[in-house]
Each structure stands twice: as structure tokens, then as C-alpha cells.
Amino acid sequence: MERPAEDLSTMEVPVAPVVRDNQPAEGQERPGRKRKRRDPRPPAAVEVESAWTIDQFAVEPIAGQTRFHDFDIPPEVMHGIADLDFRYCTPIQEKSLPEVLAGHDLIGKANTGTGKSAVFLVAILARLMRDDREGKRPRALVIAPTRELVLQIARDGVALAKYTGLRVTAVFGGTDYQAQMNDLTRGTTDIVVATPGRLLDFLGKGILSLDGCGIMVIDEADRMLDMGFIPDVRRIIGRLPKKEERQTLLFSATLSEDVKHLASQWCVHPRTVEAEVEQVVVATVKQIVYLVTADEKYTVLYNLIARHRDERIIVFTNMKNEAKRLSDRLQRNGVECLLLSGEVPQVKRTSRLESFRTGRTNVLVATDVAGRGIHIEGITYAVNYTLPYEPEDYVHRIGRTGRAGAVGTAVSFACEEGAFYLPAIEEYIGRKLECVMPDEWLLQPPPKGAPAPRQERGEQAPRRQSSGRRKRRPGQRGGSSGNSA
DNA sequence: AAAAAAG
């Protein structure tokens, strides 16, 4: 899990170059071509010779808790699960795993942090372990709306797949065109995790064929809708086996009519599973709204950061330039921080996120590119510098804190215009938010701004303190049920 | 309305 991101596209063990299967270059149906009828249900039981047995990974039963061990998961996959210290299932895992392992299509209503990626990754791995490997084509596809999400899923996939011999390739824009292409053309990849753009690029060039994918996952389907990805997703799905011949898992934070409509087009008799409704915002996140003027916002943020300088804080804005301006201003005031938005080159996006993840830099200023899915342990504060337009985004953003049972605080600034969005948010989360005036100490004027230092210099923002002082990675992964691969 | 995604 803690592997540097850069490893991913070069992670595959080099294999003697193989000629790609004689697929039609464009991957389209060939009229006379025979396709093996694919039973969406994997064989019920298999006798695999394995170095491991399920019992090795047994954990103590707890009343009312389902264990991963309770499912029919191949030992190699169980080993990966055990390595990640996943023992007891989250609600979505408990309800989905029986369905997906039985080969059913699934519509999962789940936010990030509920453990849904473990659901589909385990489903994929279990299935691929049981199916015979045929050809050199990838046999599973996961698509997600942001690059970071793809990277993270791929990472979790690599970790879970550690003992399976199955290989994962992350395919997304902004980096490593050649490296990704090599992985795909070598035919040594079993599972492709991708954003739509780059994937379509490869598909269009005939670099990759998806007709061996007997299982596909569409993650964050509602976000895919928002971002206008659906035509792309449609085109991608058109390259997979027909829905009757594949297993399709679709996850979405909301089950709007639009999402249901998509699901009806792409799935066959899907089972629907929802994470607990109450779980919109986890109980361990304390939510506060500061009533401030537009002028006070910065001051309050500055003081909040200054007071908690050894804690990991993520600050959200609505717009890219707002994030840029804010991070510049913080740096002028000597606050070491990282900027993350869609206009930041991908290489830097990755390295900055890594820098934040490892705790080298404690403050991240971001747009909603980082709102979903990113799981980084030990974020104690999530700040809405501006309240998001969509209530869902509020939930996603503050879900960056209070993860895995840890305690976190969500701070939102409601100035004149921002307050406009509050009622919708309160309705969405089903509770009133505590609105307070900032305390005295939060209104102390920040130091006079020095001339803006450049952020880039090997990604080292100006230092405010010696790096030796802090090192800890707060929040060990909670061992019991709060996993979220 | 903004953000995200292909180069």
C-alpha cells in the first residue's frame, strides 16, 4: 500500500515480448468470429494447489461481525487481505461480497471510505484466480473518474494481488504514455485500472483489447455522469464482451434516476446493495461552521493551521485559481503547503499527494480533484474554504478526515455568499450544523506577507520548521473493520 | 457555475 506511485507502471515483471493476440486491430466484432460463451458465474468450487490454505488466515470470530475468511475467497487472495490487515467486513463488504463472488452484477451505493474497492478488487481477483487464463489480454477492467483514484485503486489492487501472480496496470493521462503502452502491448497485464481518456486513446490505436474482460467495474458512476464522462464510458463498454457475457459492478454515492438508467443498460439482473444510510457522514467527524466575513476567512484559516502545525490538514476551494491564490498566500506567510488541482501537471499532482501522504508536508490546498476517494491516514482537519456547490461534495470532502475510526474535524467557512449553500448541505446530511463565530485567537492577524517564494524546488516549499521535528504518521490502520481499500 | 479527462 505504501509503494511510491511511480512504481505502478513499471511494476510488471518483464516477460519475453509476446506478439499480441491476433485481435482485430480496432477490437471490433468480427462477424464470423467464435467467442467462447462465458458463464458469468465462476465455478463454485475449485481445487487449486496452493501454497496457502484459508485456515492460515482465520481470525477470531466476533458475534455480529462477518470475516473475510467467511467467504469463499482463494487463499492467495486471502493472503493479500491478511497482509493489509483486513479482517472483519464493513457493511458494504458484508452485503456485496456474497453477491459478487457468486458472479452477480451489482449496483453498490457507497461513498468512498466504506471499503468498496476491496469489494470489487477481491471479486476480480477471486474470479481471475478461478478462470483459466486465456490469451494475453487483460481480463478485468476498472474505470474511475480521476487519475488519483485510478492510481489508488491500482495500488490497492497490487497489494491485494501480491500472492496471486495477477498483474495490475494503471492507465491514465498526464504521464508515462510509453510505459503504460509497453505494459499493455507486452500482454502481461491481467487487470487494467483506468481513467476514460487515456484508455480510449489506447483503444483507438489498437494498443489494447478489452474483449477478454469478463468483469468490469465502474467506480463513482454519479461523478462520471457529472463530469460528462458517460459517452466515453459507453464507448469503452462497447469494447467489452456483451453484458450477458461479463460481470458488471457499478458503484455510486447516489442512486439517482440517471444512475439507475445507466445500470439498467449495462447490468443484467443486478443486485442492489447500500451502505448504511446513516453513514453519510461518519460519526467520528466533528463538523463546525464558522460564520466569517470574506476578509476573515484567510485569517481564521491561517491561525487554524498555525495552531495545528503538526497535524495534517486538507483545505478545499471551489475553483482552481482560488486554490492557487490561497496556497500562494499561505506560503507568503511561511506556511508550507501543497497545491493540488487539475491544472497542476500530473507528475506534480502525484508527487505532491505523496509528499502529503508521507507527512513531509502537512497542508494540502486542493480543488475537488482531491475530494473523492483519496485516502490518506491521519488527516485531522478538512477545511471547506469555500462551501461546495453540491452537497455531495461536502460529504466527500470532509470524508477525507475521520477515516478508519480516527477522529477528525470538518471546518467550513460560511461567509455571506457561502451561507447560501448551507441549507442544502444540512438537508443532505440530515442534521443541522453547528454555526459559531470564530474565537479571538482565530482572528489574530497573520504575519506580514513576505515576497512570494516559489513553491517548486524539488517540491520543497519554504520551510517553517526543521524537518527533523516531525515524523510521525498518525493513525495506524485500524485493525478491525474500518478498512477501505 | 466549477471541476474532472486525451495530448
Side-chain angles (χ1 to χ4, degrees), chain A residues 9 112 141-154 169-181 184 192-208 210 218-237 239 251-254 258 314-327 339-350 352-353 364-374 384-400 415-422 424-425:
Chain A
S9 31
T112 43
L141 173 69
V142 179
I143 49 178
T146 69
R147 297 168 181 172
E148 281 74 12
L149 214 41
V150 160
L151 201 46
Q152 187 161 275
I153 294 167
T169 296
V171 169
F172 58 94
T175 44
D176 286 341
Y177 193 95
Q178 196 62 39
Q180 290 174 17
M181 191 172 101
L184 298 173
V192 171
V193 185
T195 49
R198 177 66 65 87
L199 186 67
L200 277 172
D201 187 350
F202 284 154
L203 282 171
K205 295 196 168 112
I207 285 164
L208 161 77
L210 293 178
I218 301 147
D219 198 13
E220 305 272 357
D222 52 347
R223 176 45 58 112
M224 295 266 195
L225 268 167
D226 291 348
M227 304 201 310
F229 273 134
I230 295 305
D232 286 353
V233 176
R234 245 182 248 293
R235 284 160 62 208
I236 290 165
I237 290 183
R239 303 298 202 95
F251 290 88
S252 178
T254 54
D258 288 336
I314 184 166
V315 184
F316 287 101
T317 66
N318 286 358
M319 282 176 281
K320 289 186 277 201
N321 58 16
E322 196 184 6
K324 174 86 172 76
R325 281 203 310 271
L326 179 58
S327 85
L339 170 68
L340 194 76
S341 81
E343 70 181 9
V344 174
Q346 186 57 38
V347 180
K348 286 178 183 163
R349 275 166 63 167
T350 306
R352 287 179 190 177
L353 205 55
L364 184 71
V365 179
T367 60
D368 282 307
V369 66
R372 294 195 177 211
I374 310 291
N384 289 303
Y385 194 70
T386 40
L387 280 166
Y389 301 117
E390 303 291 340
E392 288 92 334
D393 287 326
Y394 174 84
V395 173
H396 283 293
R397 289 177 177 186
I398 73 172
R400 294 320 99 213
C415 56
E416 297 81 355
E417 40 164 337
F420 176 79
Y421 299 107
L422 268 181
I425 291 170

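Order of the sequence lines sets the chain letters (A, B, ...), proteins ahead of strands, with each chain counted from 1. No hydrogens, no waters, no symmetry mates; every other heavy atom, side chains included, goes into these values.
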My understanding is that only residues two or more places apart in sequence, or in another chain, count here; which of them pass side chain to side chain contact (heavy atoms under 4.5 Å, CB included) with [X]?
X	answer
A:R234	A:I230, A:L262, A:Q265, A:W266
A:A221	A:I218, A:L250, A:S252
A:E390	A:E392, A:D393

Q: List the protein contact pattern of nucleotides 2-7 of chain B with one symbol per nucleotide (5' to 3'): B for base contact, S for sugar-phosphate-only contact, - for none; contact means a heavy-atom distance under 4.0 Å.
A: BBBBBS
**Q.** A:D219: partners by side-chain hydrogen bond (donor to acceptor under 3.5 Å, both in side chains), with sequence neighbours left out
**A.**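 With neighbours one apart ignored, the set is A:K116.
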**Q.** Residues in ring pair (Phe, Tyr, Trp, His ring centres under 6.0 Å) contact with A:F229, at least two apart in sequence or another chain
**A.**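 For A:F229, no residue satisfies ring pair (Phe, Tyr, Trp, His ring centres under 6.0 Å) once neighbours in sequence are set aside.
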